[in-house]
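Here the structure is laid out as structure tokens; the discussion comes afterwards.
Computed over heavy atoms, backbone and side chain alike; hydrogens, waters and symmetry mates excluded. The chain is numbered in sequence order, starting from 1. Atoms within each ligand, like the ligands themselves, are counted from 1 in listed order. Being a predicted model, the structure only gives us computed values, none of them experimental.
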Amino acid sequence: MIDAPAASAVHANVSRAVNLLDLAPDEALDELARFIAAEGEASYRAAQIFARLWQRPVASFEDMSEVPKALRQRLGEHFTIPRLELQARQTSSDGTEKFLFRLADGQSIETVAIPEGNRLTLCISSQAGCALQCAFCATGAMGFQRNLTPSEIAGQVRELRLLDPPLLATNIVFMGMGEPLMNWNAVDRTLTLLNDPRALGIGARHITISTVGVLPGIEALAARKEQFRLAISIHAPSDELRRSLMPVNVKYPLSDVIRAAAEFDRRVTFEYVMLDGVNDHPEHAAMLATLARECRAFVNLIPLHPGGSLGFNPTPASRMAAFSRAIRARGVEVAIRKSRGLDIAAACGQLRTERLGRRLPVAP
Ligand code: SAH
């Protein structure tokens, strides 16, 4: 190892400091092993330090109390483990909690924690804002800012582990801000960080990617060997209606999305947000059931969170129940999703919208 003068070495390293939280487990372990060898430390230290990134996370290198002080300092000169800054935390009367995080460049993203029995589902964001402009969605209304990095996506789960007392997620859904399959490279690596037993260790069947139907992304997800779950936001059973609610339907029409769902080797879920007088007629139920049968999908009917909607109203509960029965009568499994966190505006994009004000989309 070359012995550079201390001050300049520190300077050079800080500017090239590697963010360990952006690396897949094998890469991070390699980096740490090289560093440990160069420092002349015992090789077991690499795995010991790695365990403190995700499994039993620490807020900073200084908190790695089992690592000698001098080594902790050298770690801080070579690497970073950046935090997300918690800006707001709101608790709903039903136990749902919503977190607003501020990123290094000032962007804000949301994470929602939904307890149910022994489960704790985290709804995480994959982009700051969203480009898709679905007509009823608050995130769409704020426009697209940027993709999140793996350390910002998996970092949401890590931050909740760092709370006192910690919130330990058993399930993850990519149903926060953004379209995960339009940020595939970062989401791909995040899936590894979430699932790898050496990192966050959440079972693949407990991790759900929700998408509007970005076809290349669905193929990439299908190519992964783990059993990650796929949910598709259908929201309308015809191209015409879907185009009016979801502009992305022009690029990825319903028939292509249905074909991709049928080819996906695991059971998919259809998400269908119910909009009063728009997509909740009995004939919509019949058409939706036909599509679901084509790809053996499970249908999840979602009550509209009114706070985030732009001129839409939720379908009344009785009509939602009838819609559900009509689908079940056609041999399709269906459930009505319970609305959670209504009093804290927990639907997609609503907290950030409340805090930062809404920017209406420019009329086409
Ligand atoms: N872009 C992805 C994931 C984020 S949105 C997708 O669209 O699937 C997660 C789910 O919340 C989607 O099904 C979305 O359509 C739905 N959603 C958006 N706004 C909503 C609202 N106001 N009420 C209920 N569900 C909403």
Side-chain angles (χ1 to χ4, degrees), residues 96 98 109-112 114 121-144 147-148 153 156 172-184 186-187 190 207-215 217-218 221 228-236 241-242 244-249 251-252 254 257 260-261 268-276 278-280 288 297-315 320 335-342 344-354 358 361:
T96 301
K98 184 144 122 164
I109 55 164
E110 300 174 356
T111 308
V112 180
I114 308 157
T121 301
L122 293 195
C123 178
I124 62 173
S125 296
S126 56
Q127 298 180 315
C130 185
L132 295 175
Q133 309 266 300
C134 298
F136 46 82
C137 176
T139 304
M142 68 182 70
F144 175 71
N147 278 329
L148 302 186
I153 308 173
Q156 298 163 57
I172 303 286
V173 294
F174 283 76
M175 295 183 188
M177 295 165 64
E179 168 51 51
L181 297 186
M182 301 253 275
N183 184 15
W184 173 249
V187 167
T190 300
I207 300 173
T208 301
I209 308 286
S210 177
T211 179
V212 294
V214 177
L215 299 177
I218 293 178
L221 181 64
F228 298 118
R229 292 189 183 272
L230 176 65
I232 303 183
S233 294
I234 297 287
H235 302 328
L241 181 58
R242 197 166 187 264
S244 73
L245 297 173
M246 303 171 69
V248 73
N249 193 73
K251 182 155 187 195
Y252 301 119
L254 197 52
V257 174
V268 305
T269 299
F270 281 1
E271 294 169 274
Y272 197 90
V273 63
M274 300 217 47
L275 308 168
D276 186 26
V278 176
N279 65 354
D280 60 353
L288 181 61
F298 176 92
V299 175
N300 221 329
L301 301 176
I302 309 172
L304 176 74
H305 273 236
S309 61
L310 303 151
F312 294 96
N313 296 307
T315 297
M320 221 163 147
I336 297 177
R337 188 184 289 170
K338 251 194 285 171
S339 254
R340 299 291 302 264
L342 276 175
I344 56 166
C348 199
Q350 293 186 355
L351 180 57
R352 183 182 144 131
T353 299
E354 243 170 47
R358 169 171 298 155

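Contacts between Glu179 and ligand 1 below 4.0 angstrom, taking non-hydrogen atoms only, involve backbone and side chain alike. Contact annotation: for Ile232 versus ligand 1, there are no heavy atoms closer than 4.0 Å. Under 4.0 angstrom from ligand 1, there are no non-hydrogen atoms of Ala231. Contacts between Phe136 and ligand 1, counted as non-hydrogen atom pairs separated by less than 4.0 Å, involve both the backbone and the side chain. Contacts between Val273 and ligand 1, counted as non-hydrogen atom pairs separated by less than 4.0 Å, involve the side chain only.
The shell of residues lying under 4.0 angstrom from ligand 1, judged by heavy atoms, excludes Met177. The closest approach between any non-hydrogen atom of Phe174 and ligand 1 is below 4.0 Å.
Short contacts between ligand 1 and Cys137, defined as distances under 4.0 Å to a heavy atom of the residue, involve ligand atoms 18 (C), 19 (N). Heavy-atom contacts of Gly178 reach the following atoms of ligand 1: 1 (N), 2 (C), 3 (C), 4 (C) (cutoff under 4.0 Å). Within the listing of ligand 1, atoms 13 (O), 14 (C), 15 (O) sit less than 4.0 angstrom from a heavy atom of His235. Ligand 1 places these atoms under 4.0 Å from at least one heavy atom of Pro303: 24 (C). For ligand 1, the atoms closer than 4.0 angstrom to any heavy atom of His305 are 21 (C), 22 (N), 23 (N), 24 (C).
In this structure, Ala335 and Phe298 approach most closely via the heavy-atom pair CB-CZ, 3.7 Å.
Side-chain contact between Gln156 and Leu122: absent, with no pair of heavy atoms (C-beta onward) separated by less than 4.5 Å. Residues Met274 and Ile336 have side chains not in contact (no heavy-atom distance under 4.5 Å, counting atoms from C-beta outward). With a 4.5 Å cut-off on side-chain heavy atoms, Phe174 and Thr190 count as touching. For the pair Asn313 and Val278, the minimum side-chain heavy-atom distance is 4.5 Å or more. Looking only at side-chain heavy atoms (C-beta outward), Val212 and Tyr252 stay at 4.5 Å or farther from each other. Between His235 and Phe136 the shortest side-chain heavy-atom distance falls below 4.5 Å. Between Thr315 and Leu304 the shortest side-chain heavy-atom distance does not fall below 4.5 Å.
For Gly176, no nitrogen or oxygen atom sits less than 3.5 Å from a nitrogen or oxygen atom of ligand 1, counting backbone and side chain alike.
Under the side-chain hydrogen bond (donor to acceptor under 3.5 Å, both in side chains) rule, Ser210 has a single partner from Glu271, Glu179, Arg229, which is Glu271.
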